[in-house]
2 protein chains.
Amino acid sequence: MDKHEIIKLLKSQQINPTRQRVDIAQLLFERPRHLCADQVMNELSDRGLGKASKATVYNTLNLFSEQGLVRELCIDSGKVYYDSNTAEHHHIYNVDTGELWDIEARRCPSEMVPNLPAGTTSVGVDVIYRVKPQNSYK
Amino acid sequence: MDKHEIIKLLKSQQINPTRQRVDIAQLLFERPRHLCADQVMNELSDRGLGKASKATVYNTLNLFSEQGLVRELCIDSGKVYYDSNTAEHHHIYNVDTGELWDIEARRCPSEMVPNLPAGTTSVGVDVIYRVKPQNSYK
DNA sequence: CTGCTTGCAAAGGCTTTGCAGAACA
DNA sequence: TGTTCTGCAAAGCCTTTGCAAGCAG
């Protein structure tokens, strides 16, 4: 996704495309990724991209998430990952190595979808398959 | 589950049944529950049960989790919940109110279980249906 | 004694907040 | 000039750690 498309994307969500926001969006949307705040900070400086302060990175990621551009991922407590793939999908997580893969969502037969509590409506479903190396002792 | 059973349960997992551990286990196993560390601390003092220090509560919950007596739940980042229901099951989480319900695991037809990455083996699957009140603006 | 537990306080990691200065329209 | 952002530092929350004192066999 080039800079022009990024700006269009941000504007489409009523997000003012400031330099920092565009830079962060470029990292996220160059391909489907899972990034946490400090990875964003590091990549910004490792590449030629302009830097952003910690506060701005957090603000921006929260903003993107509120606007539905990314999806917050709660894999293991401690830190939040932001998933730039907003299509419905599930995850496989290697608890030993931290690797995280997207997998296509398995569409369940309708009789397998649970009844939601009265008065509630669905916001989404998170499915995480946790795996470990076959010869791990954990 | 009475005190005697609790002690037997702990011993069965090679856990020395100290006073603090038994008290914490009683909270968890009186019925299927989802508790985080500070809730455990509060309940210990709110009821006649003997108190435990923060460090001990955390150590104990981690110990129980390592020994498979409880399951760590990562619902929203920030804090860890410990689920005393270790039977295979899924969850419904109300993002507005924080309510959390157990639901029976839907056993998927085998063709819906994803292929795991080569060299890995399954540790478990977490499924969380996120819901909100029907008239919430969130 | 010796090893395991506890509890306090300090340290640590991640995230949010307050606020002054900068940028932009 | 007014609004919106940014960035620094401080504060906040949850959790872990270091270590001395306590307890049990």
Query raised in the report: Would a 4.5 Å heavy-atom cut-off, applied to side chains only, mark A:Cys74 and B:Ile75 as touching?
Result: no
Query - A:Ala55 side-chain proximity, nearest of D:dT6, D:dC8, C:dG7 - result: D:dC8
Query - 4.5 Å side-chain heavy-atom contact, B:Leu100 and B:Leu73 - result: yes
Report task. Could you go through the salt bridge (Lys or Arg N to Asp or Glu O under 4.0 Å) check for A:Arg47 and A:Asp23 one step at a time? Result -> CA-CA 10 Å; A:Arg47 309 198 194 175; A:Asp23 286 349; over 6 Å; no
Query raised in the report: Whole Å only: how far is the CD atom of B:Glu66 from the P atom of D:dT15?
Result: 15 Å
Requested in this report: To the nearest 0.5 Å, tell me how far B:Phe29 CZ sits from B:Leu9 CG.
Outcome: 5.5 Å
Query raised in the report: Do the side chains of B:Gln39 and B:Arg33 get nearer than 4.5 Å, heavy atoms only?
Result: no
Query raised in the report: Does any N or O in the side chain of B:Glu5 come within less than 3.5 Å of the main-chain N or O of B:Asp2, such that one atom is a donor and the other an acceptor?
Result: yes
Query raised in the report: Expressed in angstrom and rounded to an integer, what is the separation of B:Lys79 atom NZ from C:dC14 atom P?
Result: 19 Å
Query raised in the report: Just wondering, do B:Tyr82 and B:Glu72 contact through their side chains at under 4.5 Å, heavy atoms?
Result: yes
Report summary line: Dot-bracket for DNA chain C, 5' to 3', Watson-Crick and G-U pairs with both distances under 3.5 Å, [ ] for crossing pairs, | for partner on another strand, reads |||||||||||||||||||||||||
Report task. Report the distance from atom OG1 of A:Thr56 to atom CG of A:Leu63, rounding to the nearest 0.5 Å. Result -> 11.5 Å
Report task. Would you check if B:Leu69 and B:Ile15 make a side-chain contact, meaning some heavy-atom pair closer than 4.5 Å? Result -> yes
Report task. Specify the separation, in whole Å, of atom CG of B:Asn59 and atom P of C:dA9. Result -> 17 Å
Report summary line: Closest to the side chain of A:Tyr58, out of D:dG7, C:dG7, C:dC14, is C:dC14
Query raised in the report: D:dT15 C1' sits how many Å from B:Tyr81 OH, rounded?
Result: 15 Å
Report task. Under 4.0 Å from any atom of DNA chain C, heavy atoms only: list the residues of residues 12-20 of chain B that qualify, in numerical order. Result -> B:Asn16, B:Thr18, B:Gln20
**Report entry** Spacing of B:Lys11 atom NZ relative to D:dA24 atom C1', expressed in whole Å
**Finding:** 13 Å
Report summary line: Checking C:dT15, C:dG7, D:dT6 against the side chain of A:Arg21 (C-beta onward), the nearest is D:dT6
Query raised in the report: In whole angstroms, how far is the P atom of C:dC8 from the NZ atom of B:Lys54?
Result: 11 Å
Query - Nucleotide C:dG13, atom P - distance to CG of A:Asp76 in whole Å - result: 17 Å
Requested in this report: Mind calculating the distance between CG (A:Leu63) and C1' (C:dT16) to the nearest angstrom?
Outcome: 15 Å
Query raised in the report: Would one find a side-chain N or O of A:Asn62 under 4.0 angstrom from OP1 or OP2 of C:dT16?
Result: yes
Requested in this report: Answer with base, sugar-phosphate or nothing: what part of the nucleic acid does A:Asp38 contact at a heavy-atom distance below 4.0 Å?
Outcome: nothing
